[in-house]
Amino acid sequence: MKFLDQVKVHVASGKGGNGCVSFRHEKFVEYGGPDGGNGGKGSSIIFETNKNLNTLIDFRYQKYFKGKNGEAGKGQNRTGANAKDIIIKIPKGTQILTEDKSVILSDMTEDNQKFIIVRGGKGGLGNTHFKSSTNRSPRQYTKGQDSSEMWVWLSLKLIADVGIIGLPNAGKSTLLSKISSAHPKIADYPFTTLHPVLGVVRDDDYEFVVADIPGLIQGAHEGRGLGDKFLAHIERCKILLHLVDTGDDKVINNYNTIRLELKKYGNNLLNKKEIIALSKIDKSNNFKKFKEEMEKHTKNKIITISSNNNIGLNELIRETKKELINETNKNI
Ligand SMILES: Nc1nc2c(ncn2[C@@H]2O[C@H](COP(=O)(O)OP(=O)(O)OP(=O)(O)O)[C@@H](O)[C@H]2O)c(=O)[nH]1
Ligand SMILES: [Mg+2]
């Protein structure tokens with residue numbers, strides 16, 4: 001499944017119902033007073049976050065959302081019925097932007113957060129409203145308010161707890177496939193992964209969401225390779241899991257390349273908690289030496305793993321869980 005992270009949708013509220021002009025018809029009363037009711041309100045269109053949604057995929061099939069009009073007012077001072085509002089469910093983490101993407105209308109970060117994107121037109125006033133001591137049989141009324149419509153962009157940054165980063169071919173997708181039930185594409189060439197893939201990792205009753213993103217290369221922050229588009233996806237991760245292939249002798253260099261990209265991209269990526277996983281140790285005779293070098297180079301936690309031979313994966317999950325709990329507690 002292709003990961004869809006930006007969609008354009010059209011929203012149109014309903015018009016208000018018109019006010020009514022009507023006069024009472026009663027026996028023995030020649031000129032009954034006004035009794036035209038007000039019109040009902042048109043539907044508003046409301047976005048609401050829902051925690052069971054992870055993608056914007058549903059919007060591929062439905063892009064137009066149109067509200068119903070309010071009912072017109074009626075005689076005997078009956079108000080027209082309001083049209084029902086339309087609720088559009090979106091995943092938590094979706095941003096709603098104007099058509100030209102210059103303004104963020106709402107950042108939907110909470111569960112069940114609501115945002116009224118277009119309000120239904122108000123109902124018009126019936127002639128009863130215009131009755132006064134000087135005008136006992138008014139014929140005035142007002143029309144229901146018009147509807148409003150607009151195009152908006154929905155943009156979703158994946159909210160994963162952990163983002164797996166590294167050069168192409170480092171073994172990121174293989175790792176995700178081993179620690180979660182996700183099935184990302186795996187192959188022995190760079191840029192196998194073209195879109196972020198999410199997986200849920202479970203350890204006892206603890207769960208966290210891990211995002212596997214396409215490989216980064218030098219210049220990624222300015223759009224090289226698959227570019228900075230995917231760095232945006234890890235902005236909200238609490239932890240970065242940085243994979244460095246020990247099958248390649250330039251371990252420190254390769255590590256630094258990615259760190260530099262994070263730094264140049266900005267947005268606090270460099271200061272995020274990082275766990276380093278030296279990968280594919282089944283292929284390397286020197287991984288212990290690389291680990292020692294790395295320990296001198298950085299204070300961040302280093303774990304050696306082989307996804308193929310299932311080495312170090314439990315330790316990696318435990319360590320990630322521990323750090324996630326730490327990070328969560330920090331923010332309380
Ligand atoms: N020997 C060995 N090979 C591995 C291991 N993990 C991954 N590989 C191989 O490395 C190659 C790349 O793996 P992927 O998981 O596709 O790498 P990636 O980092 O997701 O690559 P991109 O999506 O292109 O960035 C594949 O041929 C994998 O089979 C491992 O632990 N040991
Ligand atoms: Mg991959």
Side-chain angles (χ1 to χ4, degrees), residues 1-5 55 158 160-201 209-234 237 239-262 265 269 274-291 294 302-320:
M1 183 185 73
K2 220 170 167 186
F3 183 77
L4 192 66
D5 66 345
T55 70
L158 298 185
D161 302 296
V162 180
I164 309 183
I165 55 167
L167 289 175
N169 243 357
K172 301 180 292 299
S173 302
T174 309
L175 173 65
L176 186 73
S177 74
K178 291 287 160 122
I179 60 176
S180 76
S181 55
H183 298 290
K185 188 174 171 194
I186 294 164
D188 194 12
Y189 56 82
F191 301 118
T192 305
T193 302
L194 300 174
H195 300 274
V197 179
L198 287 183
V200 179
V201 178
V209 180
V210 177
D212 168 30
I213 67 163
L216 301 169
I217 55 170
Q218 192 177 355
H221 72 281
E222 46 190 25
R224 272 195 69 207
L226 291 172
D228 57 350
K229 193 167 147 208
F230 298 110
L231 284 171
H233 288 297
I234 56 171
C237 290
I239 291 183
L240 300 181
L241 194 53
H242 187 162
L243 252 67
V244 191
D245 184 353
T246 58
D248 181 336
D249 283 345
K250 297 189 296 281
V251 167
I252 303 275
N253 252 332
N254 291 343
Y255 171 80
N256 287 343
T257 301
I258 299 291
R259 294 296 290 171
L260 188 64
E261 289 310 312
L262 298 185
Y265 180 78
L269 282 192
E274 179 193 64
I275 297 174
I276 300 162
L278 297 181
S279 66
K280 307 191 195 177
I281 59 167
D282 57 287
K283 249 174 78 173
S284 165
N285 296 322
N286 296 323
F287 76 87
K288 286 195 177 132
K289 188 183 95 196
F290 293 145
K291 187 174 183 211
M294 196 58 116
I302 303 159
I303 297 170
T304 50
I305 65 163
S306 160
S307 300
N308 280 13
N309 294 2
N310 206 353
I311 302 171
L313 301 188
N314 285 338
E315 188 192 354
L316 186 64
I317 292 173
R318 267 201 316 275
E319 190 60 30
T320 309

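Counting convention: from 1, in listed order, for ligands and their atoms alike. All figures in this text were calculated on a predicted structure; none of them were measured in a lab. Side chains are part of it too, since the values below use all heavy atoms of this structure and drop only hydrogens, waters and symmetry mates.
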Could you tell me whether a side-chain N or O of [X] sits under 3.5 Å from a main-chain N or O of [Y], the two making a donor and an acceptor?
{"X": "Ser279", "Y": "Ala170", "value": "yes"}
{"X": "Lys178", "Y": "Ser173", "value": "no"}
{"X": "Asp282", "Y": "Asn309", "value": "no"}
{"X": "Thr193", "Y": "His195", "value": "no"}

Verify the distance test for Thr193 against the Mg ion (ligand 2): any N/O/S atom under 2.8 Å, yes or no.
yes
With a cut-off of 2.8 Å, does Ser173 put an N/O/S atom close enough to the Mg ion (ligand 2)?
yes
Is the shortest side-chain heavy-atom distance between Pro196 and Leu198 below 4.5 Å?
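Not touching, per the 4.5 Å side-chain cut-off.
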Using side-chain heavy atoms (C-beta onward) and a distance below 4.5 Å, is Leu240 in contact with Val162?
no
So Asp245 and Lys280, salt bridge (charged side-chain N to carboxylate O under 4.0 Å, His left out) or not? Walk me through it.
CA-CA 6 Å; Asp245 184 353; Lys280 307 191 195 177; 3.3 Å; yes
Collect the protein residues that have a non-hydrogen atom under 4.0 Å from ligand 1 and hand them over in chain and number order.
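Lining ligand 1: Pro168, Asn169, Ala170, Gly171, Lys172, Ser173, Thr174, Ile186, Ala187, Asp188, Tyr189, Pro190, Phe191, Thr192, Thr193, Gly215, Lys280, Asp282, Lys283, Ser306, Ser307, Asn308.
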